[in-house]
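Notes follow the structure.
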Protein chains: 2
Amino acid sequence: MGAEGHADGTVGKALDVLDMVAGFGRPVRFSDLLVEADYPKATLYRLLQTLTHQGMLTLDPDTGTYALGVRLVRLAHAAWAQSSLAPIARPYLDELARKTGETIHLAQMDQGQVLYVDKRNAARPVEMFAQAGKVGPAYCTGVGKAMLAYLPPEALEAALARQSFHRHTPHTLASREALLAELEAIRKRGHAWDAEEHEAGIICCAVPILSRSGRVMGALSVTSTTARTTLEALGAQAPMVKDIAAKIAAEAESWRFPEQV
Amino acid sequence: MGAEGHADGTVGKALDVLDMVAGFGRPVRFSDLLVEADYPKATLYRLLQTLTHQGMLTLDPDTGTYALGVRLVRLAHAAWAQSSLAPIARPYLDELARKTGETIHLAQMDQGQVLYVDKRNAARPVEMFAQAGKVGPAYCTGVGKAMLAYLPPEALEAALARQSFHRHTPHTLASREALLAELEAIRKRGHAWDAEEHEAGIICCAVPILSRSGRVMGALSVTSTTARTTLEALGAQAPMVKDIAAKIAAEAESWRFPEQV
DNA sequence: AGACTAAGTTTCAAATAGTGAAACCAAACG
DNA sequence: CGTTTGGTTTCACTATTTGAAACTTAGTCT
């Protein structure tokens with residue numbers, strides 16, 4: 001079947017189409033989608049109609065192109081505020097950025113990929129939407145590996161199945177086996193490295209954010225360059241990063257229960 | 001036939017549930033949703049399962065609560081970048097904020113409501129996600145009326161049907177008739193006022209952002225308080241605001257066609 | 001013009017997927 | 001330990017979705 005996995009029911013297909021439109025990154029015509037998707041013409045057409053009618057897509061009548069609808073922005077606002085760690089973690093990220101002077105990433109797992117929900121760039125000021133929301137591979141980023149390492153077996157398996165290993169740099173762990181060994185090491189060590197595995201010259205130290213029950217909620221990382229520092233020096237910060245991760249986890253957990261009125 | 005309108009098909013229902021979860025603003029239990037929704041138990045259950053499986057919701061296994069999933073954040077990132085005016089308008093908003101020293105709003109229409117996609121607050125720096133994504137009523141805000149005024153008849157009708165008129169302040173136009181008359185005046189004048197119709201003491205001057213073909217793409221407003229200025233003084237800025245709206249429209253239109261490779 | 005082609009929209013019988021009342025299970029409660 | 005509350009599963013019934021194919025437009029070519 002298609003590149004996408006198991007689409008359960010109509011809803012799954014509809015969301016799949018949404019992703020597809022999102023993937024293009026520009027308004028798309030019906031036919032653009034038709035070649036990409038492996039749904040028959042009529043089916044795709046109806047899905048698009050439904051989504052458009054629902055405000056998840058917009059059809060520009062002038063050009064006959066579909067784009068993601070603003071209803072998504074509204075939903076995302078709520079998602080970001082209520083479900084991501086970002087609003088809670090915000091002050092902690094500030095603190096960490098200030099103390100380390102490096103770039104800070106806050107990420108969560110999304111369908112086997114890393115989703116950055118917040119970021120502090122040492123240099124320039126905060127630019128949320130433009131920065132957050134980006135996705136990256138899990139198997140070759142610090143935050144990705146930190147989360148993978150603490151996933152329960154089935155979830156890990158599901159995540160691994162979604163990785164498309166690719167050797168970004170000479171240091172990339174581009175096989176399932178190498179990655180599994182590394183995850184074991186991460187669990188021993190308590191934090192993950194990114195030793196130029198994704199981009200040359202970029203290194204980072206990442207720790208998972210775990211709930212009291214051990215569930216992976218996200219990950220936090222301090223990123224730098226080989227020009228500026230070394231893995232060892234970054235590692236020296238690990239205890240502090242871990243401490244902040246724990247604080248975020250604690251607050252996230254207590255915060256999750258405004259206990260219905 | 002619940003409070004929500006016409007839910008077409010399973011997809012509509014699923015999205016309806018999503019909205020519902022978003023509406024709670026906190027993680028919700030199955031039973032919370034059950035009383036709110038008028039779907040039978042089993043149906044709601046299945047919808048939740050599907051959405052969870054799809055990553056649009058997350059089920060916290062510890063507490064048995066559902067929250068919006070991070071997949072939405074990813075989608076929204078794309079939506080914001082590709083479909084909203086925000087990324088294009090950004091530099092213009094900065095310019096306008098600098099020139100006026102007032103609060104600037106950029107909004108789009110979403111299902112008869114106003115959705116703020118970006119904002120410049122005179123005082124504090126940009127905080128995207130936390131600011132953007134908010135919704136407000138259309139009939140009693142400057143941006144809302146500016147957009148309504150230029151909507152084609154059917155769309156206007158649909159939007160009006162979704163307004164739930166409520167007298168927020170003594171100045172609110174809380175009837176269909178009063179609003180229609182005002183929209184006529186806005187078309188004549190070329191821009192909309194908000195004369196303390198939503199919040200006491202808050203006034204604004206808003207202009208629509210129209211495509212070359214006359215389609216409403218969004219609206220732009222300069223907001224202030226009666227303590228600081230008057231409607232007349234704000235009105236003096238209208239030409240400039242209109243000019244910037246035109247620039248945004250022009251750029252948005254040319255930008256929409258990176259013309260497929 | 002008229003004959004092709006490409007892009008989008010509609011049809012309709014067959015099949016699939018969704019429905020929901022009711023039964024079931026498992027904690028929490030008194 | 002019987003009962004309630006909150007969540008999950010079943011299963012016959014049905015409505016929705018499906019998709020090949022026919023049909024419209026709107027361009028293009030000769």
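Quick caveat, the model's predicted, so the values are computed rather than measured. So that the names make sense, note that chain A is the first sequence line, chain B the second, and so on, each numbered from 1.
Electrostatic pairing of Arg74(B) and Asp110(A) counts as a salt bridge here, judged by a charged N lying under 4.0 Å from a carboxylate O. A salt bridge does not link Arg212(A) to Asp62(B): none of the charged side-chain nitrogens sits closer than 4.0 Å to a carboxylate oxygen.
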Nucleotides 4-9 of chain C: which of its N/O atoms have a protein N/O under 3.5 Å away?
unit_1	atom_1	unit_2	atom_2	d
dG8(C)	OP2	Ser31(A)	N	3.0
dG8(C)	OP2	Ser31(A)	OG	3.0
dG8(C)	N7	Lys41(A)	NZ	2.8
dG8(C)	O6	Lys41(A)	NZ	2.7
dT9(C)	O5'	Tyr45(A)	OH	2.9

Check nucleotides 13-15 of chain D against the protein and report each pair of N or O atoms closer than 3.5 Å, with its distance, or say if there are none.
none

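For Leu44(B) and dT19(C), the CG to P distance is 11 Å, given to the nearest whole Å. Atoms CG (Asp16(A)) and P (dT18(D)) sit 12 Å apart, rounded to a whole Å. Between Arg46(A) atom CZ and dA20(D) atom P the separation is 12 Å, expressed in whole Å. At whole-Å resolution of the value, CG in Asp38(B) and P in dA21(C) are 12 Å apart. With rounding to whole Å, Lys13(A) atom NZ is found 11 Å from dT16(D) atom C1'. Between Leu48(B) atom CG and dG6(D) atom C1' there is a gap of 14 Å when expressed in whole angstrom units.
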Q. Tell me, for nucleotides 25-30 of chain C in 5' to 3' order, what letter each nucleotide earns: B for a base near a protein heavy atom under 4.0 Å, S for only sugar-phosphate near one, - for neither?
A. ------
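Using a 4.5 Å cut-off on side-chain heavy atoms (C-beta onward), Thr10(B) and Thr50(B) make no contact. A heavy-atom distance below 4.5 Å is not found between the side chains of Leu57(B) and Leu72(B). Looking only at side-chain heavy atoms (C-beta outward), His191(A) and Ile186(A) stay at 4.5 Å or farther from each other.
Regarding contacts with the backbone of dA17(C), every side-chain N or O of Thr10(B) stays at 4.0 angstrom or more from both OP1 and OP2.
Judged by distance alone, the side chain of Gln163(A) and the main-chain N or O of Ala159(A) form a donor-acceptor pair under 3.5 Å.
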Q: Show your working on side chain to side chain contact (heavy atoms under 4.5 Å, CB included) between Met109(A) and Val216(A) and close with a plain yes or no.
A: CA-CA 9 Å; Met109(A) 210 66 166; Val216(A) 175; 5.7 Å; no
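Between Phe30(B) and Tyr45(B), the ring-plane angle classifies as perpendicular under the 30° and 60° cut-offs.
Within 4.0 Å (heavy atoms only), Thr43(B) reaches at least one base atom of the nucleic acid.
Screening residues 137-164 of chain A for ring pair (Phe, Tyr, Trp, His ring centres under 6.0 Å), with sequence neighbours left out, gives Tyr139(A)-Phe165(A).
Remark: Leu93(B) pairs with Ala89(B), Ile104(B), Leu106(B), Asp118(B), Arg120(B), Leu220(B) by the side-chain contact (heavy atoms from CB on, under 4.5 Å) rule, at least two apart or across chains. Take Glu157(A) and apply the side-chain contact (heavy atoms from CB on, under 4.5 Å) test, not counting sequence neighbours, and it matches Leu160(A), Arg176(A).
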